[in-house]
Amino acid sequence: MHRGRSEQQATGAAQDLKVFISAGESKCDECGSVLGRHAWITLAGERGALCLACADLDHLVFLPAGDVALTRRARRHSALAAVVLKWSRARKRYERQGLLIEEDALACAEAECLGDADARARAREREAARRAEIDHEYVDRFAQRVRELFPRCPAGAELSIARHACLKYGGRVGRSAAAKALDEQAVLLAVAAHVRHAQTDYDLLLTAGHERHEARRQIQARLDQVLDTWRDAK
């Protein structure tokens with residue numbers, strides 16, 4: 001994807017992970033997916049533009065800018081986060097739209113803000129929007145397939161994996177044609193993504209500035225160990 005000079009400058013301005021909402025047509029330079037306009041992408045130097053799935057950021061949830069206290073608390077609890085930026089034609093600069101953060105971190109932050117009626121209302125709105133993005137019948141079938149392939153995964157993990165994988169946006173693993181057919185390899189990718197973020201130091205390595213492929217290499221042994229344990233039906 002063509003990258004303008006201003007976009008390159010915005011990328012190098014700070015060490016925080018950044019996600020850009022594209023102004024024009026976009027394509028992932030790793031998986032080849034056509035993302036269209038207003039896609040959420042990261043810029044990976046010579047590797048070009050990556051969709052959130054290829055950048056291993058698609059498990060994060062979006063917290064819009066506006067509530068300073070909630071944002072500060074959520075960022076403190078989230079091991080991995082990314083600033084979401086959008087180009088303003090009027091101001092000729094990138095403007096912050098919010099943060100992508102870990103879902104558990106957002107829940108912790110909202111719990112700390114429960115005395116705030118507005119925070120409770122926003123939490124209900126986000127949950128309602130999330131429910132609208134989930135095909136519950138498909139999630140149940142996907143979760144059942146996870147349990148069949150990984151009979152020793154912790155109770156409830158199969159539903160968590162399925163809900164994340166099957167959301168109707170962001171290039172999620174569960175939205176592919178193979179996943180909809182409950183293909184074993186597609187389900188494995190969803191389970192591996194969950195384990196990578198929840199059971200290893202992968203997110204901490206990314207936060208520390210490690211390249212994605214190097215971070216994956218470092219945690220591969222731990223990932224394989226967890227998957228083998230979850231597969232073992234004995």
Side-chain angles (χ1 to χ4, degrees), residues 3-4 6-26 28 35-44 49-134 160 163-172 175 197-198 203-204 206-209:
R3 294 156 50 190
S6 297
E7 195 164 279
Q8 293 176 15
Q9 290 172 341
T11 307
Q15 295 303 312
D16 291 338
L17 293 174
K18 294 181 177 66
V19 168
F20 296 94
I21 301 176
S22 66
E25 296 291 330
S26 299
C28 178
L35 306 174
R37 296 174 59 86
H38 309 301
W40 292 36
I41 60 172
T42 61
L43 300 179
L50 304 181
C51 66
L52 295 189
C54 287
D56 286 328
L57 298 177
D58 62 328
H59 67 296
L60 303 179
V61 296
F62 180 56
L63 174 61
D67 189 320
V68 176
L70 182 61
T71 297
R72 183 179 64 251
R73 288 167 172 166
R75 181 65 188 90
R76 185 176 69 244
H77 288 300
S78 191
L80 181 65
V83 178
V84 179
L85 301 168
K86 185 177 181 180
W87 180 254
S88 170
R89 291 184 178 179
R91 296 182 175 87
K92 304 298 183 184
R93 69 185 184 193
Y94 278 96
E95 295 187 338
R96 183 174 177 142
Q97 305 299 301
L99 283 177
L100 285 173
I101 56 172
E102 294 167 339
E103 189 170 14
D104 289 347
L106 178 56
C108 288
E110 287 175 336
E112 292 175 357
C113 294
L114 279 180
D116 182 348
D118 288 339
R120 291 199 301 272
R122 283 192 296 274
R124 288 194 295 269
E125 289 171 2
R126 278 194 291 273
E127 180 59 26
R130 183 178 177 83
R131 286 197 299 269
E133 291 166 348
I134 293 178
S160 178
R163 286 168 183 154
H164 274 292
C166 300
L167 283 175
K168 300 176 183 177
Y169 69 92
R172 302 294 175 110
R175 302 309 301 176
H197 294 294
D203 288 355
L204 294 176
L206 291 182
T207 301

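Worth knowing before you read on, the calculation uses all heavy atoms, side chains too, and leaves out hydrogens, waters and symmetry mates.
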### Parallel, tilted or perpendicular: ring planes of His197 versus His59, cut at 30 and 60 degrees
parallel
When rounded to the nearest 0.5 Å, the distance separating CG of Asp203 from CG of Leu57 is 8.5 Å
Hits for salt bridge (Lys or Arg N to Asp or Glu O under 4.0 Å) against Arg75, two or more places apart or cross-chain, chain-then-number order -> none
Rounded to the nearest 0.5 angstrom, the CH2-NZ distance for Trp40 and Lys86 is 10.0 Å
For the residue pair Leu99 and Thr71, establish whether any side-chain heavy-atom pair is separated by less than 4.5 Å. yes
Minimal heavy-atom distance between Lys18 and Leu85, with the atoms involved, is CD-CD1, 3.7 Å
Exercise. Side chains of Phe20 and Ser22: does their closest heavy-atom pair fall under 4.5 Å?
Worked result: no
Interatomic distance, CG@Leu106 vs SG@Cys113, rounded to 0.5 Å, equals 9.5 Å
message = Determine whether a donor-acceptor pair (N or O, by modelled atom type, separation under 3.5 Å) exists between the side chain of Arg37 and the backbone of Ala23.
response = yes
Between the CD atom in Glu112 and the CZ atom in Arg72, the distance rounded to the nearest 0.5 Å is 9.5 Å
With no hydrogens and no angle check, is any side-chain donor or acceptor of Ser26 less than 3.5 Å from a backbone partner on Leu35?
no
The reported gap from CG in Leu100 to CG in Leu80 (rounded to nearest 0.5 angstrom) is 9.0 Å
Heavy-atom closest pair (Glu102 atom, Ala79 atom, distance to 0.1 Å) is OE1-N, 3.1 Å
When rounded to the nearest 0.5 Å, the distance separating CD of Glu103 from CD1 of Ile101 is 9.5 Å
For Val19 and Ala82 the tightest heavy-atom approach is CG2-CB, 3.9 Å
Residues Asp58 and Ala53: closest non-hydrogen pair is CG-CA, 3.7 Å
Got a donor-acceptor contact below 3.5 angstrom from the Glu95 side chain to the Arg93 backbone? no
